[in-house]
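What follows is one structure encoded as structure tokens, with my remarks underneath.
So you know, we letter chains A, B, ... as the sequences are listed, proteins then strands, and number each from 1.
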Amino acid sequence: MQQELHALLDKARAEFSATKIRADFEATKARYVGPNGSLTAFMKQMGGLPKEQKPVVGKLINETKTALAALLAAALRTIEAGELAAQLGPAIDPTLPSPDAPAGTSHPLTLVREEMCRILAKAGFSVVEGPEAETEFYCFDALNTPADHPARNEQDTFYFPADARFGNISKKVPGEKYLLRTHTSSVQIRTMLKGQPPIRIVSPGRVYRRDTTDATHSANFHQLECLYVDKNVTVRDLKALLDYIFASLLGKDTKTRFRPHYFGYTEPSFEVDLSAKHLPKVNKEWIEIGGCGMVDPTVFDAVGYDSKVWTGYAFGMGLERLAMLLYGIDDIRYFYQNDLRFLRQFA
Amino acid sequence: MKISLNWLNDYIDLSGISNDDISKAITFLGFEVESVHNTGAPKFNNVVTGRILTRDRHPNADKLSVCTVDVGPAGGVKTIVCGAPNCDAGNLVPVALPGAILPGNFEIKQSKIRGQSSDGMMCSSKELAIEGGDHAGLMILAAPADANPPALGVAINDVLPPGDTVFDIEITPNRPDCLSHIGIARELSAWFKNPLKYPETKYAPAAGAPARPDLLEAIRVDSAEMCPLYTATVITGIKTGPSPEWMQRRLIAAGMRPISNIVDISNYVMLEYGQPTHAFDAKKIAGRQIIIRPAAEGEKITTLDEKERALNSRMLVIADAEKPLVIAGIMGGENSGIDDTTADIVLEAAIFSRTLIRWTSRQIGLSSDSSYRFERGVDPHTLDEAARRAISLILELCGGQVAGTTHKAGGDIPWQREIQISPAYVNERAGFEIPAADQRAALEALELRITREDKSASDGPVWTVSIPTWRDDLDRPIDLVEEVLRVYGTEKIPPSPVLAPALIGNDDPIVLFNRAVSAQLAGQGFNECVNYTLRSKAEVDAWAPPAAAAGLALSNPFTEDQSHLRATLVPGLLETLKLNQSRGVAATRLFEAGRVFIERNGQNFECVSAAFIIAENADANRAWLKRSPADFYTAKCLVETLASIGGIDLSRQPVEMPSGATFGWQEGQFAVIGDIARGWIARLGLVDLALLRGLGIEGKVYAGALSILSERVKNTSDRRRYQPVAMTPAALRDIALVVDEKLPAADVQKTLAKLARAALPNTFALETVDIFDVYQGKGLPEAKKSLAFSLAYRAPDRTLTDDEVNTAFTKLQEAIAKNQPDWQIRK
């Protein structure tokens with residue numbers, strides 16, 4: 001019997017080393033330890049043995065069983081290792097570049113707009129939107145721009161024919177013409193007409209001027225305007241906002257200065273200069289960055305706010321200009337060409 | 001406006017104040033200084049005075065002369081070849097000796113000209129970059145006969161008159177009073193606290209020479225509203241000729257060309273006071289009358305710039321009995337101007353309506369220094385003084401005498417303006433303390449006189465401020481706050497923290513939408529682009545139905561290729577793709593978020609839109625570069641994502657595949673979901689291959705675009721409600737249906753779900769009907785396809801038994817056989 005058991009083990013060793021896949025393994029395994037397996041047959045003989053032989057034979061069978069179990073386990077390990085290896089793809093060369101598209105990018109104008117909005121959000125401004133196709137009332141009349149003001153003339157502003165209809169842009173004055181807004185100030189008017197003060201909003205958006213396109217002019221560009229309406233708003237508050245914005249954007253020691261100026265919708269009005277030493281490619285001490293002022297009482301009258309009670313300030317700037325200054329870009333047209341070598345520089 | 005420093009010094013003493021400080025003052029008073037430059041000669045070395053001793057013809061050149069020139073201590077007598085016609089012996093001229101560097105980096109060297117050696121160059125004023133000189137020949141510093149000529153060999157800068165400093169200033173439209181030297185001097189006087197001296201005007205109307213009705217009998221204003229004040233003064237016996245040099249120099253500094261004494265005086269007074277005047281040659285006035293009247297429709301006049309202008313009845317002319325002489329306030333006609341023979345003149349000083357002048361000027365496309373001032377506003381109350389100033393200068397410089405008294409029409413323009421303001425109010429608006437004394441000083445320096453002080457008010461004194469006639473821009477207390485701040489100095493606004501009481505309010509849903517779209521697409525490898533809104537008609541026609549181009553057209557486009565609003569963002573992205581491809585930059589995934597305009601039934605609708613394109617990567621055939629290519633379903637998933645950001649669930653929406661005109665898309669390879677009439681629309685799929693080829697784009701491009709009416713963009717920040725998650729297992733059953741190949745899968749799915757629900761008992765539910773396979777080909781009849789669905793049944797509170805599910809599933813199969821005879825259940 002001992003020899004038979006040795007022969008069984010030898011045979012098993014040969015058979016299991018030849019099994020490569022799990023199905024063969026299971027079939028082979030069954031031939032030994034299955035209900036009709038050869039080792040199982042030996043175990044069944046145990047019952048018929050004389051009592052005194054039982055311990056000796058039992059020991060032999062157990063030893064064989066243990067050896068066989070080890071064989072099974074080893075064979076299974078080999079098969080599992082093979083299975084895992086089969087899951088692997090071809091060899092890699094970690095130095096090859098990935099063909100997948102690199103992370104996408106936001107446009108520099110979006111980045112600058114969002115940065116400004118984040119800065120202003122901390123000062124309590126929420127972002128509003130308004131239509132780009134506007135009417136004369138929202139773009140001019142309500143902003144104290146009289147009918148014969150040069151800014152309204154057809155040389156500077158894009159108009160639509162008198163019979164043009166915009167289904168979702170309301171007219172305030174019957175018969176007024178539609179146009180492409182020349183500034184985002186029209187959004188201030190729409191916001192004020194919609195609700196009551198206090199108001200603290202920022203309106204970024206696309207605006208249009210009838211201009212020759214060159215390095216610094218573009219038929220459409222983007223502006224960002226802030227409006228704050230409350231009681232007792234002062235010139236000093238306005239200056240504080242501008243100082244805060246540009247210190248946030250360019251560092252704490254950035255300075256701004258106000259030069260008195262004229263805008264129809266603010267009084268007093270100022271142009272804002274920025275100390276330029278933090279900016280690339282600027283070799284001037286001060287650089288103009290935007291316009292601002294205290295909301296003119298006539299504007300409050302136009303939207304039905306009591307100008308004796310409410311005061312406010314407004315600030316506006318060009319986003320392209322800001323982006324050009326921040327990044328050192330010298331031609332506004334690059335923003336609209338979208339050369340990927342340009343776009344990828346800012347992400 | 002160009003302002004001469006020499007001229008300013010007539011009215012305010014600016015000596016000892018640097019040009020930089022003056023510039024800064026002008027800047028902080030609220031006027032942008034565009035440039036500052038000096039009109040004088042640059043500083044020269046080796047350019048000295050010399051006298052021409054002899055002049056001989058050049059032996060080898062007819063047009064050249066050989067001169068001997070004495071430059072005295074600078075080197076004695078030199079031989080110089082000269083081409084100027086006026087290098088006559090005796091003239092004292094500037095001589096550039098070897099080593100001198102003239103403007104344009106032109107170095108003077110000892111040289112030979114046509115075989116004749118030359119020791120330097122005699123100079124014209126142009127060669128020395130002196131403005132306004134006679135450039136025809138050498139600059140003559142002294143003629144032979146002149147007494148007290150400059151010494152010889154003296155550095156030229158010591159002999160030339162010192163230059164003037166010219167500030168080019170942008171005057172804001174609210175300050176027409178500063179379109180004059182006096183106006184700017186007044187501002188500077190306030191800033192530097194130097195007194196202002198007004199010009200001396202010697203002429204005062206008095207009974208002098210008799211009137212000359214033979215020259216001008218009467219004036220008549222037919223349109224007082226358009227011309228509230230008109231004056232005409234007859235001056236006889238004048239002598240025309242050039243104006244004096246000092247006046248010419250000032251006019252040149254201010255950017256005007258000297259013409260003749262009368263015209264120059266008129267311009268001079270305009271630049272001094274801001275009041276335009278006009279001189280007529282009296283003998284050219286027919287019928288001895290000046291009539292200020294509306295132009296006749298179609299009436300013509302040839303203006304001084306030699307152009308014939310057709311007028312209409314909304315325009316105003318100054319006419320005589322027969323013809324128009326002047327387009328009022330804008331430009332004179334060549335039929336009545338001053339010429340060499342003029343002996344008697346009529347001097348006009350008038351006020352015209354701002355609106356009229358602005359309108360007329362724009363209408364005829366003619367802007368003049370006069371119209372520029374009238375359309376911004378000329379102070380009628382300064383007119384008298386300015387006119388007297390002009391008359392004084394004429395009498396002084398051209399001779400003659402005033403005949404009779406000045407003819408006048410209109411003129412009773414009332415002016416009495418006072419503003420009540422308290423120093424406390426100024427401080428309240430400014431947000432910081434400006435001492436009352438400083439406020440008072442600032443106002444009074446601008447001639448805003450405090451005529452009354454009431455002390456009774458609880459918060460300090462109240463001032464009554466009298467507004468001078470030239471400050472029509474000041475009307476309200478807030479206007480005076482600006483005046484105080486300007487003069488006090490905006491640089492003194494103290495720093496302060498931002499005080500921001502929190503307000504409830506979120507960013508606009510459109511902002512949130514754009515932000516989320518941008519983050520989503522950039523996160524998926526798309527590059528954000530920004531393209532122009534204005535597009536060509538051809539592009540709009542290619543991408544939208546014919547009616548769109550009509551609705552989206554501007555009435556006054558600037559260029560032909562930017563004449564229409566964009567109806568979709570896709571063509572802009574294709575343009576970007578093309579640009580990158582042509583520059584050899586690999587671009588595959590691009591997107592834009594922006595406004596588009598969709599025309600429907602004669603109306604335009606402004607929409608918030610997001611669009612992307614995915615182009616084929618030309619490198620995709622290399623082994624390790626192999627990636628599954630984008631297809632229609634890639635675009636569909638992205639559009640669904642964009643829609644869900646906009647609060648729209650696309651899964652329940654009907655999908656259309658339009659045929660016929662596909663507007664930029666490839667027929668059979670694109671879909672339209674939604675309708676702008678319902679608030680939004682999405683288009684997605686393959687871009688028309690022929691269109692791509694036409695654009696010169698290589699490879700296929702898939703695209704998707706979602707547009708939502710701007711007012712319909714949903715606020716995605718709406719609070720969501722938790723739905724319990726089922727803990728019991730679902731029972732799954734699969735069914736494959738053989739249907740017509742044209743039948744959209746979603747239609748089958750919808751019908752199947754409906755039948756399956758109808759077959760259910762009310763004890764459990766059908767949760768989902770998912771499509772998991774589409775098959776067409778071997779084993780199926782011609783023109784049929786097989787759609788395989790997986791149905792998930794579930795009860796919320798227990799595990800379903802096979803029997804109950806089987807019953808429902810069997811009932812479903814029976815219902816299909818009965819209700820959908822065209823479908824076959826695939827076994």
Would you mind reporting whether [Y] and [X] have side-chain heavy atoms less than 4.5 Å apart?
| X | Y | result |
| --- | --- | --- |
| Phe558(B) | Thr213(A) | no |
| Asn531(B) | Tyr336(A) | no |
| Pro260(A) | Leu29(B) | no |
| His261(A) | Phe31(B) | no |

Give a yes or no answer on whether the side chain of [X] reaches the backbone of [Y] with a donor-acceptor pair at less than 3.5 Å.
| X | Y | answer |
| --- | --- | --- |
| Asp507(B) | Val127(A) | yes |
| Glu528(B) | His107(A) | yes |
| Glu482(B) | Ser269(A) | yes |
| Asp237(A) | Pro497(B) | no |
| Thr576(B) | Asn338(A) | no |
| Arg165(A) | Asn604(B) | no |
| Glu606(B) | Ala133(A) | yes |

| message | Walk me through whether Tyr159(A) and Ser555(B) qualify under side-chain contact (heavy atoms from CB on, under 4.5 Å). | response | CA-CA 6 Å; Tyr159(A) 283 93; Ser555(B) 71; 3.6 Å; yes
Toward chain A, the part of [X] with a non-hydrogen atom under 4.5 Å:
| X | value |
| --- | --- |
| Asn580(B) | side chain |
| Leu590(B) | side chain |
| Val585(B) | side chain |
| Arg476(B) | side chain |
| Glu592(B) | side chain |
| Arg712(B) | neither |
| Leu485(B) | side chain |
| Pro501(B) | both |
| Arg358(B) | side chain |

With rounding to the nearest 0.5 angstrom, report the [atom1] to [atom2] distance, [X] to [Y].
| X | Y | atom1 | atom2 | result |
| --- | --- | --- | --- | --- |
| Ser496(B) | Asp243(A) | OG | CG | 8.5 Å |
| Thr533(B) | Leu180(A) | OG1 | CG | 8.0 Å |
| Leu565(B) | Phe166(A) | CG | CZ | 5.5 Å |
| Leu503(B) | Asp230(A) | CG | CG | 7.0 Å |
| Arg259(A) | Lys24(B) | CZ | NZ | 12.5 Å |
| Asn168(A) | Gln603(B) | CG | CD | 8.5 Å |

Option in [options] with maximal non-hydrogen atom pairs under 4.5 Å from chain B:
| options | value |
| --- | --- |
| Val128(A), Thr110(A), Asp296(A), Asp339(A) | Asp339(A) |
| Pro131(A), Ala103(A), Gly124(A) | Pro131(A) |
| Leu241(A), Asn153(A), Ile92(A) | Asn153(A) |
| Glu114(A), His149(A), Arg113(A) | Glu114(A) |
| Phe158(A), Phe258(A), Tyr244(A) | Phe158(A) |
| Arg206(A), Glu271(A), Arg257(A), Gln155(A) | Arg206(A) |

Top contributor to chain A contacts, counting heavy-atom pairs under 4.5 Å, from [options]:
| options | result |
| --- | --- |
| Gln562(B), Arg515(B), Glu428(B), Gln524(B) | Arg515(B) |
| Ile493(B), Asn527(B), Thr490(B) | Asn527(B) |
| Ala553(B), Ser710(B), Ala519(B) | Ala553(B) |
| Phe28(B), Phe526(B), Phe432(B), Tyr532(B) | Tyr532(B) |
| Cys607(B), Gly594(B), Gly602(B), Ala502(B) | Gly602(B) |
| Gly551(B), Cys529(B), Gly505(B) | Cys529(B) |

| request: Show your reasoning for whether side-chain contact (heavy atoms from CB on, under 4.5 Å) applies to Arg583(B) and Gln337(A). | output: CA-CA 11 Å; Arg583(B) 290 180 180 181; Gln337(A) 287 176 355; 3.4 Å; yes
At a heavy-atom separation under 4.5 Å, does [X] approach chain B through its side chain, its backbone, both, or neither?
| X | result |
| --- | --- |
| Phe335(A) | backbone |
| Thr298(A) | both |
| Tyr178(A) | neither |
| Pro146(A) | neither |
| Phe221(A) | neither |
| Val202(A) | neither |
| Ser218(A) | side chain |
| Tyr228(A) | side chain |
| Ile169(A) | side chain |
| Thr311(A) | side chain |

| request: Dump the intermediate steps for side-chain contact (heavy atoms from CB on, under 4.5 Å) on Thr172(B) and Phe263(A), then the final yes or no. | output: CA-CA 9 Å; Thr172(B) 50; Phe263(A) 303 112; over 6 Å; no
| query | Got more than 12 heavy atoms from elsewhere within 6.0 Å of NZ, Lys255(A)? | reply | no
| request: Determine, for Glu129(A) against Arg595(B), whether the closest basic-nitrogen to carboxylate-oxygen distance falls under 4.0 angstrom. | output: yes
